[in-house]
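See structure below.
Here is how names work: the chains are called A, B, and so on, in the same order as the sequence lines, proteins then strands, and each is numbered from 1.
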Protein chains: 2
Amino acid sequence: MTKESTSRTRKPKRGQTREALMSAALELVVKKAPFSALSLREVTKKAGVVPTAFYRHFPDMSALGLTLLDESFRTLRQMMRQVRQQELPNERMLRGSVETYFTYVRNNRAHFLFVSKELASGTPTMRNAIRREIRMFTNELAMDMARFPFLNHINAEDLQMMAGLVVNNVTALTQEMLELEEIDETGQQEVLITAEKQLRLIYFGVGMWRSDKSHS
Amino acid sequence: MTKESTSRTRKPKRGQTREALMSAALELVVKKAPFSALSLREVTKKAGVVPTAFYRHFPDMSALGLTLLDESFRTLRQMMRQVRQQELPNERMLRGSVETYFTYVRNNRAHFLFVSKELASGTPTMRNAIRREIRMFTNELAMDMARFPFLNHINAEDLQMMAGLVVNNVTALTQEMLELEEIDETGQQEVLITAEKQLRLIYFGVGMWRSDKSHS
DNA sequence: GAATAATGCGTACAACTGTTCACTTATAGG
DNA sequence: CCTATAAGTGAACAGTTGTACGCATTATTC
């Protein structure tokens, strides 16, 4: 991870305090409270630094939050890319995607937890940023689906609706997963199985869908 | 604004301060921050009462939170009852249920918002209470489905999975709805339409489901 | 109407908050 | 090696917080 230390420093405190602050905050969010409940002093204490040092790296707490959010998004997009570069939806690859996704969730528990909490309880700025990101995912999923011959009898609006259905459900399952203890292997396995079944069921529903159906 | 006499006046409040505290807190949660970020003094100020008066009604803030949660649950259960006493799922009554539900959401915006925020960012006690409640809803829905001849070829586990799918999505849509301004009539209408379509799609998927399907 | 319980008020205090400022120290570039 | 800059320190500030205490007022019950 750290690749910018280019000098022989006995006490390598170069750009490292900034990261210490970020991971301290992340840790506190995970094991304590929503980000908005963190105090600047609390974070600096956990980072092993005096309160005023904070200002050398961030103008205020909300800037830290935004940076943290950005970092989380990088994780999310990376995951998204990996899931998408598998083949397009069919019953067989469903399991693979689900596993890839939830492996990511488990390996980046802190980031997902942070985003999940902020989505519900963050400042409007944060909430909007997250929702925009989720909407982007949904759009990309809808576009992927559009490229699938199997689905080209479905209009754009309905594809969006279907993508939304998938994303909603995956989001909910992610939160469910995050509630489990990290150790609870069997619980996580259950969520995974449920996820796969639910997505398969959606897949069936999509197969039955007719966009020209009257709905008024 | 406040025209109360300056110093030693007592306002004729009977059991009414307690409620003032509760609705003050609820209001603050709605328009400001997660409950955990509220301060006792803030709440009492908004309720038009001196800080120490708080202790005449609650031992501390978290007790207020629990009470608020309880109140919200009463709303939720009442809604659930009303939705359930309609006929069982078929394509025709879907719209009715969806409308009943979201009307409730709109009419009890504050409570739903409170629960929604606490679900993600509340204390473990709160989160667990809410999740238990949601699980109860899911179970009841699964039981309702089980009584439906149309579905009696589906085993209990899969019924649970399906009920979970519905609840997950309704939950997500509820949060989406709560993000909209109260005035945004067209936005709310859109969510409603999407909700109906998504549930119909699930309905189709359920129709295709075979519990004996191999899934490994 | 007097007694008792319930409720609200004001003061007080210690703990914690964010932020300022002047200061020391470490590091990088010349 | 010297120096300019970046990064960390400590003291101090004004606000806010939760809560304890005693007193004042009201509501209720006899």
Results of side chain to side chain contact (heavy atoms under 4.5 Å, CB included) for A/Ser39 - residues two or more places apart only: A/Arg41, A/Glu42
Step by step, work out the salt bridge (Lys or Arg N to Asp or Glu O under 4.0 Å) result for B/Glu176 and A/Arg131. CA-CA 9 Å; B/Glu176 206 168 305; A/Arg131 296 198 305 135; over 6 Å; no
Whole angstrom is fine here: how far is it from CZ in A/Phe54 over to P in C/dC16? 20 Å
I want to check something: taking the side chain as every heavy atom from C-beta on, are A/Leu26 and A/Leu68 in contact at a cut-off of under 4.5 Å? yes
Kindly say whether B/Ala142 contributes a backbone atom to a donor-acceptor pair with the side chain of B/Gln160 at under 3.5 angstrom? no
Results of side chain to side chain contact (heavy atoms under 4.5 Å, CB included) for B/Ala172 - residues two or more places apart only: A/Asn168
Within the sub-3.5 Å range, which N or O atoms of nucleotides 17-19 of chain D have a protein N or O partner, and how far apart are they?
residue, atom, partner, partner atom, Å
D/dT17, OP1, B/Ser39, OG, 3.0
D/dG18, OP1, B/Leu40, N, 2.7
D/dG18, OP2, B/Leu40, N, 3.1
D/dG18, OP2, B/Arg41, N, 3.1
D/dG18, N7, B/Arg41, NH1, 2.4
D/dG18, O6, B/Arg41, NH1, 2.8
D/dT19, OP2, B/Tyr55, OH, 3.0
D/dT19, O5', B/Tyr55, OH, 3.3
D/dT19, O4, B/Arg41, NH1, 3.4

Run the numbers on A/Arg81 and A/Glu140 for salt bridge (Lys or Arg N to Asp or Glu O under 4.0 Å), then give the verdict. CA-CA 10 Å; A/Arg81 236 175 290 127; A/Glu140 289 181 16; over 6 Å; no
Between P on D/dA27 and CD on B/Gln16, what's the gap in Å once rounded to a whole number? 11 Å
To the nearest Å, give me how far apart CZ (A/Arg56) and P (D/dG10) are. 14 Å
Atom-pair distance (CZ on A/Arg18; P on D/dG8), nearest Å: 12 Å
Distance in angstrom units between A/His57 NE2 and D/dT5 P, rounded: 18 Å
